[in-house]
J.: 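One structure coming up, written as structure tokens, with questions to follow.
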Amino acid sequence: MKFNLLATDKKSNARAGEIFTDHGTIQTPIFMPVGTVGSVKAVHLKELKDDIKAQIILGNTYHLYLRPGLEVLKQANGLHKFNGWDKPILTDSGGYQVYSLAGTRKLKEEGVIFQSHIDGSRHTFSPEKVMEIQRTIGADIIMAFDECTPYPCEYDYAKKSMELTHRWLKRCITHFDNTEPEYGYNQTLFPIVQGSVYRDLRIQSAEEIASKNADGNAIGGLSVGEPIEMMYELTELVCSILPKEKPRYLMGVGTPVNILECIALGIDMFDCVMPTRNGRNGMLFTSEGIINIKNEKWKNDFSNVDEYGNSFVDSQYSKAYLRHLFQAQEILGPMIASIHNLNFYLWLVGEARKQIMDGNFSEWKNVIVKKLSVRL
RNA sequence: GGGGAGAUACCAGAGCGGUCAAAUGGGACAGACUGUAAAUCUGUUGGCGCAGCCUUCGGAGGUUCGAAUCCUCCUCUCCCCA
């Protein structure tokens, strides 16, 4: 994997670049739709490629390991072949599930014992095991196994957790370096900065991660409930330490505004369930602001889903019709909303990229951020 | 024409003397959602000067300290037989 930095904004730390993988090029800054179980929920590959123009999607180690399981993935010759997505894929390591499934897992030095959310069966994830699973899934970019700490988090716990994540990272790197990709194309490993909301820990972690000289670096453990200003401050701090010549991936972020603000801080890659999950729940991110399409106010509004949106669903369907679909619990409703939201997210980062290349990013960002926060 | 059952909040439907402003569903309305245990979850759904008060259970009257619950009449619905 290779990263080219093409332009940097003069008034902020925003950058435009390109990432080369064996499954194609990714133009940054980029948003990566989340496809946890190998499917971006409610969205066809055709729409993802031709309409939304996604360049890379996510999969999840924990979920894919449980179902369909490694045997099927191996027989399929990896996730790309299995789900038909021939562009880049990134897999999360299951580190987020250490956080989100806190009630059903045990954390030890060796690794984490998960109780499956599907059938309750117990499974151990060690850094080595997670590397092996991600070799079998065959994503282009794979993530180190970390502990995503919750918020709030006591300093002592955050410190110990960060140190554990660092020790796990060493084991991940060793195992990754001692194994080969299974399907003939390259994979690369991104380490993850932790340290909760403590500046000294974040500095320490960012330095540790930077020292690994990986192809790209991720920031984890943010957007887990901390105040948004705190998230920005810590992102800025960590970006100041992570190498400029490598892509920076802010995990799990966020709203359209969060993404623009963090692009300004120097982030190149984002992923978030928000456009799909919130979309399925009736929330639309549009160029004019945020819409809850289930609200009564749209009942008789026959204007386009998004007057200024460039997705085919934006002009194909009206707000009133989309609201009707949600009211009637028709599956097409969540599908349209997901396509719209993902299209909007990809348009947003694409536009940000253009503005960075043209040297107008900061001015443009300040104008659009105000519009995007409005609730219609 | 004869016999029977029933009318409860937006709808369906419990309740059958006080713990009832009234269970439970559904619908409606609103909110939440940030590396997906999520096509999920939460709240509200008579009125108000809202830790209290006022007006409600087809209508009118009655019994009782107290009625959605018991009695009388009226109105209307449904079912069965002819």
Side-chain angles (χ1 to χ4, degrees), chain A residues 31-43 56-64 66-67 90-105 114-121 130 134 139 141-151 165 190-194 218-228 231-232 235 249-259 261-262 267 269-285 290 292-299 323 325-338 341 345 375:
Chain A
F31 178 80
M32 309 181 281
V34 178
T36 306
V37 302
S39 153
V40 176
K41 291 184 193 293
V43 181
I56 170 172
I57 62 172
L58 256 68
N60 185 285
T61 302
Y62 166 83
H63 296 265
L64 290 168
L66 288 181
R67 200 163 51 190
L90 180 151
T91 40
D92 186 26
S93 61
Y96 187 76
Q97 280 63 46
V98 176
Y99 154 77
S100 69
L101 302 177
T104 55
R105 53 77 173 161
F114 283 108
Q115 209 167 345
S116 161
H117 69 281
I118 299 166
D119 63 4
S121 55
V130 166
Q134 292 188 100
I141 300 172
I142 72 174
M143 301 305 298
F145 191 48
D146 65 336
E147 184 195 2
C148 178
T149 47
Y151 179 85
T165 289
F190 280 22
I192 305 171
V193 174
Q194 288 291 343
I219 305 171
L222 291 178
S223 64
V224 288
E226 76 283 5
I228 217 71
M231 193 259 278
Y232 293 150
T235 298
Y249 165 27
L250 180 57
M251 306 183 78
V253 172
T255 65
V257 170
N258 293 161
I259 287 173
E261 295 296 354
C262 292
I267 297 294
M269 304 164 71
F270 300 88
D271 79 280
C272 191
V273 302
M274 214 175 239
T276 42
R277 180 193 285 169
N278 290 29
R280 289 196 305 281
N281 295 329
M283 186 171 181
L284 304 182
F285 298 96
I290 295 166
N292 182 345
I293 199 64
K294 294 194 272 195
N295 285 176
E296 193 170 28
K297 65 204 289 188
W298 310 114
K299 189 175 185 176
R323 172 182 141 93
L325 293 176
F326 270 94
Q327 290 292 99
Q329 294 180 58
E330 279 296 317
I331 196 158
L332 185 58
M335 289 168 72
I336 292 171
S338 298
N341 280 346
Y345 268 62
R375 285 188 173 255

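Residue numbers start from 1 in every chain, and the chains themselves are labelled A, B, ... in the order their sequence lines are given, proteins ahead of strands.
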J.: If you check the A/Lys294 side chain, which of B/G31, B/C29, B/G35 turns out closest?
T.: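 Closest nucleotide to the A/Lys294 side chain: B/G31.
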J.: Write down the distance between CG (A/Asn292) and C1' (B/C41), rounded to a whole number of angstrom.
T.: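 Going from CG in A/Asn292 over to C1' in B/C41 covers 14 Å.
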J.: Where the side chain of A/Arg375 is concerned, which of B/U36, B/A37, B/A32 is the nearest nucleotide?
T.: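 Output: B/A32.
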J.: Please find the pair of heavy atoms, one from A/Cys262 and one from A/Met231, that lie closest to each other, and give the distance.
T.: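 Scanning both residues, the minimum pair turns out to be SG-SD, 4.1 Å.
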J.: Counting any heavy atom closer than 4.0 Å, what does A/Leu250 reach on the DNA or RNA strands: base, sugar-phosphate only, or nothing?
T.: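 Answer is nothing: A/Leu250 stays at 4.0 Å or more from every strand.
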J.: Could you check whether A/Asn60 gets within reach of a base, just the sugar-phosphate, or nothing at all, counting any heavy atom under 4.0 Å?
T.: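 Result for A/Asn60 = sugar-phosphate.
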J.: Using the P atom on both, measure B/G26 against B/G13 and round to a whole Å.
T.: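 So the two P atoms sit 16 Å from each other.
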J.: With a 4.0 Å cut-off on heavy atoms, is A/Gly225 in touch with a base, just the backbone sugar-phosphate, or nothing at all?
T.: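 No contact.
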J.: Rounded to the nearest angstrom, tell me the gap between atom CD in A/Gln97 and atom P in B/G35.
T.: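 For the pair A/Gln97 CD and B/G35 P, the rounded distance is 10 Å.
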J.: I need the A/Ile56 CD1 to A/Phe31 CZ distance, nearest 0.5 Å.
T.: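 Reported to 0.5 Å precision, the distance equals 11.5 Å.
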J.: Expressed in whole Å, how much space separates the C1' atoms belonging to B/U56 and B/U69?
T.: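 Between the two C1' atoms, the distance is 15 Å.
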J.: When the P atoms of B/A67 and B/G61 are considered, how many whole Å apart are they?
T.: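 Each nucleotide's P atom is 14 Å from the other's.
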J.: Verify whether one side chain among A/Ser116 and A/Asp119 offers a donor that lies under 3.5 Å from an acceptor in the other.
T.: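 Yes.
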J.: Write down the distance between CE (A/Met283) and P (B/G31), rounded to a whole number of angstrom.
T.: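 Value for this atom pair: 10 Å.
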J.: Find the distance A/Asn281:CG to B/U34:C1' and express it as a whole number of Å.
T.: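 In whole Å, B/U34 C1' lies 13 Å from A/Asn281 CG.
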J.: Regarding A/Ile228, tell me which of base, sugar-phosphate or nothing describes its non-hydrogen contacts under 4.0 Å with the strands shown.
T.: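 The residue A/Ile228 makes base contact.
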J.: Taking pairing as Watson-Crick or G-U wobble with both contacts under 3.5 Å, can you name the mate of B/U44, or confirm there isn't one?
T.: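 The base-pairing partner of B/U44, which may sit in any strand shown, is B/A28.
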J.: For atom C1', what is the distance between B/U63 and B/U72, given to the nearest Å?
T.: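 Between the two C1' atoms, the distance is 11 Å.
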J.: Looking across every strand, which nucleic acid part, if any, lies under 4.0 Å from A/Gln194 by heavy atom: base, sugar-phosphate, or nothing?
T.: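 The residue A/Gln194 makes base contact.
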J.: Quickly work out the A/Trp298 CH2 to B/C29 P distance and round it to whole Å.
T.: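 It works out to 14 Å between those atoms.
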J.: If you round to the nearest 0.5 Å, how far is OG1 of A/Thr255 from CD1 of A/Ile290?
T.: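 Between atom CD1 of A/Ile290 and atom OG1 of A/Thr255 there are 7.0 Å.
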J.: Paired with B/A9 by Watson-Crick or G-U wobble geometry, both distances under 3.5 Å: which nucleotide is it?
T.: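 Partner of B/A9: none.
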J.: Using whole Å, report how far OH of A/Tyr249 lies from C1' of B/U34.
T.: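 In whole Å, B/U34 C1' lies 12 Å from A/Tyr249 OH.
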J.: Does a donor on one side chain and an acceptor on the other come within less than 3.5 Å for A/Tyr232 and A/Asn258?
T.: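 Result is yes, a qualifying pair exists.
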J.: Provide the closest heavy-atom pair for A/Ala337 versus A/Phe326 in the form atom of the first, atom of the second, distance.
T.: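 Result for this residue pair: CB-CZ, 3.9 Å.
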J.: Give me the ring orientation class for A/Phe285 and A/Tyr345: parallel if the planes are under 30° apart, tilted from 30 to 60°, perpendicular past 60°.
T.: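 Geometry flag for A/Tyr345 against A/Phe285: perpendicular rings.
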J.: If I pick the P atom on B/U19 and the same atom on B/A23, what distance separates them, to the nearest angstrom?
T.: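 Nearest-Å result for B/A23 against B/U19 at atom P: 13 Å.
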J.: Could you give the distance from CD1 (A/Ile57) to CG (A/Asp271), rounded to the nearest 0.5 Å?
T.: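 With rounding to 0.5 Å, CD1 (A/Ile57) is 12.0 Å from CG (A/Asp271).
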J.: For the residue pair A/Ile192 and A/Gly220, what are the closest heavy atoms and their distance?
T.: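 What the structure gives for the nearest pair is CG2-N, 3.4 Å.
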J.: Return the minimal non-hydrogen interatomic distance between A/Gly120 and A/Gln115, and the atom names on each side.
T.: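 Result for this residue pair: O-CG, 2.8 Å.
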J.: Between A/Thr165 and A/Gln194, is there a side-chain donor-acceptor contact under 3.5 Å, judged purely by atom types and distance?
T.: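 Short answer, no.
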J.: Does B/U72 pair with anything, Watson-Crick or G-U wobble, both distances under 3.5 Å, and if so, with which nucleotide?
T.: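 B/A60 - that is the nucleotide pairing with B/U72, both distances being under 3.5 Å.
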J.: In whole Å, I'd like the distance from the CD1 atom of A/Ile293 to the C1' atom of B/A30.
T.: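 Value for this atom pair: 15 Å.
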J.: Each nucleotide N or O in nucleotides 44-46 of chain B that has a protein N or O under 3.5 Å away: list the pair and distance.
T.:
none

J.: Answer yes or no: does a side-chain N or O of A/Asn295 lie under 4.0 Å from OP1 or OP2 of B/A30?
T.: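 So the side-chain polar atoms of A/Asn295 do come within 4.0 Å of the phosphate oxygens OP1 or OP2 of B/A30, strictly under.
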J.: Suppose you measure atom P in B/A9 against the same atom in B/A60; what distance do you get, rounded to whole Å?
T.: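 It comes out at 15 Å once rounded to the nearest Å.
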J.: Could you tell me the separation between the OH atom of A/Tyr151 and the C1' atom of B/G35, rounded to a whole number of Å?
T.: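 Checked: the OH to C1' distance equals 19 Å.
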J.: For B/C78, which nucleotide in any strand shown is its Watson-Crick or wobble partner with both distances under 3.5 Å?
T.: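 For B/C78, the partner nucleotide comes out as B/G4, under the 3.5 Å rule.
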J.: Tell me which nucleotide among B/A39, B/A32, B/A30 gets nearest to the side chain of A/Ile331.
T.: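 Per side-chain heavy atoms of A/Ile331, the pick is B/A39.
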J.: I want to check one thing: is the phosphate of B/C29, taken as OP1 and OP2, less than 4.0 Å away from some side-chain N or O of A/Gln327?
T.: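 Indeed, a polar side-chain atom of A/Gln327 lies that close.
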J.: With C1' as the reference atom in both, quote the distance from B/A21 to B/G47 in angstrom, rounded to an integer.
T.: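 Rounded to whole Å, the distance is 11 Å.
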J.: Just to be sure I understand the geometry, which residues of residues 271-280 of chain A put a non-hydrogen atom under 4.0 Å away from RNA chain B?
T.: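 Contacting residues: A/Asp271, A/Cys272, A/Val273, A/Met274, A/Thr276, A/Arg277, A/Asn278, A/Arg280.
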J.: What interatomic distance, in whole Å, is found between P of B/G6 and the corresponding atom of B/G15?
T.: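 Taking atom P in both B/G15 and B/G6, they lie 12 Å apart.
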J.: So which nucleotide from B/G35, B/G27, B/A37 ends up closest to the side chain of A/Tyr96?
T.: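 Nearest to the side-chain atoms of A/Tyr96, counting from C-beta on, is B/G35.
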J.: Tell me whether the side-chain N/O atoms of A/Ser100 come closer than 4.0 Å to OP1 or OP2 in B/A37.
T.: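 Answer is yes, contact under 4.0 Å.
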J.: Any chance you could measure A/Met269, atom CE, to A/Tyr249, atom OH, to the nearest 0.5 Å?
T.: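 A/Met269 CE to A/Tyr249 OH: 7.0 Å, rounded to 0.5 Å.
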J.: Would you tell me if any nitrogen or oxygen in the side chain of A/Gln329 comes within less than 4.0 Å of OP1 or OP2 on B/G27?
T.: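 Answer yes for this pair, as a side-chain N or O of A/Gln329 is under 4.0 Å from OP1 or OP2.
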J.: Could you pull out the closest heavy-atom pair between A/Val130 and A/Ser93, with the gap in Å?
T.: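 So the minimum-distance heavy-atom pair works out to CG1-O, 3.5 Å.
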J.: Determine which nucleotide pairs with B/A23, using a 3.5 Å limit on both distances of a Watson-Crick or G-U wobble pair.
T.: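 Pairing partner: none.
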J.: If pairing requires Watson-Crick or G-U wobble contacts with both distances under 3.5 Å, which nucleotide is the partner of B/A38?
T.: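 Per the H-bond distance test, none.
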J.: Measure from the side chain of A/Thr36, starting at C-beta and using heavy atoms only, and say which of B/U34, B/G35, B/U36 lies closest.
T.: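 Of the options given, the side chain of A/Thr36 lies nearest B/U36.
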J.: Both A/Pro334 and A/Gly252 contact RNA chain B. Which one's nearest nucleotide lies toward the 5' end?
T.: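 Residue closer to the 5' terminus by nearest nucleotide: A/Gly252.
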